[in-house]
Amino acid sequence: MSEPYDAIFYDATHRGSAGDVEFYAALCDGAQSVLELGCGSGRVLSAVVPSGATGVGVDLHEGLLALARARTPTLGTDAAPALSYRRGDMRTLALGRRFDRVLIPYSGLFCLADAAELLACLDTAAAHLAPGGLLALDAYAADGFHHLASQEDMGKLDEWAELDAVEIDGAAFTVHERSRWDREAQTIEAHYRYVGPGGRVYEAALPQRYVLAEELMLASMRAGLEPSALWGGFDQRPFDPEASEHMVFVATHASPAGG
Ligand SMILES: C[S@@+](CC[C@H](N)C(=O)[O-])C[C@H]1O[C@@H](n2cnc3c(N)ncnc32)[C@H](O)[C@@H]1O
C-alpha cells in the first residue's frame, strides 16, 4: 500500500474478514513466537499472540505502525516487549531470528507488484519460519472472477458504489469505492472516496495484484515451503476455484530441518 492512504481512514475501513482473528488465534495457540508481515495497525497480531509468547509486526506504513503501537498495552518488559512493531519490507526483511508462526493476513500478499515480489515475500516468510513452524495467510479468492467474469462485470466495477459508513475523529463519513480491473495483469486499482460533514472529501488509492490459487501453491513450493492446506474460508471448507470468496493457506517448511 502506498503511504499516502492516511492511516486513520485506512484503518476505519479495512477491518478484516469475519472469523479471521479467531482462525489465526487458534493457529497460534501454543506458539512461543509469532511474526506478522504487513501487520497494519496490529488488528490481528495484538489479538492472536498467546500469553507468554512474543509477537513482532512488520509493515512499511509508519502511520499504521504508530496506530499499532498506540493501541498496544505494555506487556512483557520495556527491554523485551511481548508485542513490538517495526518498519520493514516483507520482500527483504532479515530479522536474523525464526518464529513458530508467520502470518500474512487479509490479502497482504496482494500488495506485492508482481510474481518476483511474491516469491521474494514467500522466501522471507520461509527464512523466518522455525523448523516445524507454520506459515498462514489469507486473501480474497480471485480465481472465480479472474476466469469467469465478463467484460460487463468489469465495467460495473468502474462506477462509484457506496461501501460503508465510518466515524473518523467524531465525524461521520460515507465511503465510496471504485475499481479498475486488469485481468491480464491480475491487478485491481481500488479507489476510495470519503465524504464527510461540510462537503469534506478524502480520496485514496489501493493498488493490488491478486494471486491465483495455483500460483500461490507453486510460488510457495519454489520458496521451499510445503503447502499443507488450502481452504475456501476460515471455517476450513474446501477451496472451490469457481465459488470461494476466500483463500486460506497454510504451509510448513518442505524440509523438516527448516531449510
Ligand atoms: C491489507 S493490509 C493488512 C493489514 C493487517 N494484516 C490486517 O489484517 O488488518 C496489508 C498491509 O501490508 C502493508 N504492506 C504493503 N506492502 C508491504 C511490504 N512490502 N512490506 C511490509 N508491509 C507491506 C500495508 O502497509 C498494509 O498495512
Side-chain angles (χ1 to χ4, degrees), residues 1-25 27-28 34-49 55-72 83-95 99 101-128 135-142 163-164 166 175 177 179 187-192 204-211 216 219 223 234 245-249:
M1 182 171 60
S2 55
E3 185 80 25
Y5 201 144
D6 182 280
I8 299 286
F9 283 88
Y10 176 83
D11 189 63
T13 317
H14 303 279
R15 296 189 297 262
S17 308
D20 62 355
V21 168
E22 294 80 359
F23 169 82
Y24 287 109
L27 191 105
C28 291
V34 181
L35 171 66
E36 183 179 350
L37 301 175
C39 63
S41 62
R43 182 185 69 82
V44 174
L45 192 70
S46 61
V48 305
V49 174
V56 177
V58 172
D59 205 284
L60 277 181
H61 195 302
E62 292 284 12
L64 288 169
L65 289 168
L67 269 186
R69 291 184 192 113
R71 288 175 183 168
T72 301
L83 283 182
S84 60
Y85 295 95
R86 51 192 295 166
R87 189 165 196 278
D89 190 325
M90 61 169 101
R91 297 164 294 187
T92 55
L93 188 75
L95 292 178
F99 296 80
R101 302 286 181 273
V102 177
L103 314 180
I104 316 175
Y106 200 30
S107 304
L109 270 191
F110 292 5
C111 295
L112 303 170
D114 54 32
E117 292 195 9
L118 170 68
L119 186 57
C121 175
L122 293 169
D123 279 340
T124 302
H128 288 86
L135 163 69
L137 61 89
D138 76 276
Y140 61 82
L163 177 72
D164 203 358
V166 296
V175 189
E177 183 182 20
S179 299
T187 56
I188 293 182
E189 172 98 20
H191 292 264
Y192 297 90
L206 199 53
Q208 298 150 53
R209 175 189 175 271
Y210 58 81
V211 178
L216 175 60
F234 296 105
E245 289 182 12
H246 282 98
M247 184 165 73
V248 181
F249 176 76

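Keep in mind that the numbers below use all heavy atoms, side chains included, and drop hydrogens, waters and symmetry copies. Both ligands and their constituent atoms are indexed starting at 1 by order of listing.
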Counting each atom of ligand 1 from 1 as listed, which ones have a heavy atom of Arg91 under 4.0 Å away?
19 (N)

Between the candidates Gly57, Pro105, Gly38, which shows the shortest non-hydrogen contact distance to atom 5 (C) of ligand 1?
Gly38

Does any non-hydrogen side-chain atom of Met90 lie less than 4.5 Å from one of Leu112?
yes

Record the part of Cys39 in heavy-atom contact with ligand 1 below 4.0 Å; permitted values are side chain, backbone, both and neither.
backbone

Do Tyr192 and His14 make the cut of ring centroids closer than 6.0 angstrom?
yes

Heavy-atom distance under 4.5 Å between the side chains of Val56 and Cys39, does that happen here?
no

Would you kindly specify which portion of His14 sits under 4.0 Å from ligand 1, judged on non-hydrogen atoms: side chain, backbone, both or neither?
neither

Within-cut-off N or O pair, Tyr106 and ligand 1, under 3.5 Å
no

Just let me know how Met90 lines up against ligand 1, side chain, backbone, both or neither, with a heavy-atom cut-off below 4.0 Å.
both

So do Asp164 and Arg15 actually touch side chain to side chain, heavy atoms under 4.5 Å?
yes

Could you list which atoms of ligand 1 come closer than 4.0 Å to a heavy atom of His61?
25 (O)

Where does the angle between the aromatic ring planes of Tyr5 and Tyr10 fall among parallel (under 30°), tilted (30 to 60°) and perpendicular (over 60°)?
perpendicular

Near Asp89, which atoms of ligand 1 are under 4.0 Å from a heavy atom of that residue?
18 (C), 19 (N), 20 (N)

Would you say that Cys28 contacts Leu103 through its side chain, given a criterion of any heavy-atom pair below 4.5 Å between the two side chains?
yes

For ligand 1, which atoms have a heavy atom of Val44 less than 4.0 angstrom away?
8 (O)

Near Leu64 (heavy-atom distance under 4.0 Å), the atoms of ligand 1 are 27 (O)

Is the shortest side-chain heavy-atom distance between Val211 and Phe110 below 4.5 Å?
yes

Does a sphere of radius 6.0 Å around CD in Glu245 hold more than 12 heavy atoms from other residues, nucleotides or ligands, not counting ones at 6.0 Å or beyond?
no

Could you check whether any side-chain heavy atom of Ile188 comes within less than 4.5 Å of a side-chain heavy atom of Tyr140, counting everything from C-beta outward?
yes

Contact between Gly88 and ligand 1, counting heavy atoms under 4.0 Å?
yes

Atom indices of ligand 1, in the order listed, that fall short of 4.0 Å to a heavy atom of Glu36
5 (C), 6 (N)

Are any of the heavy atoms in Tyr10 under 4.0 Å away from ligand 1?
yes

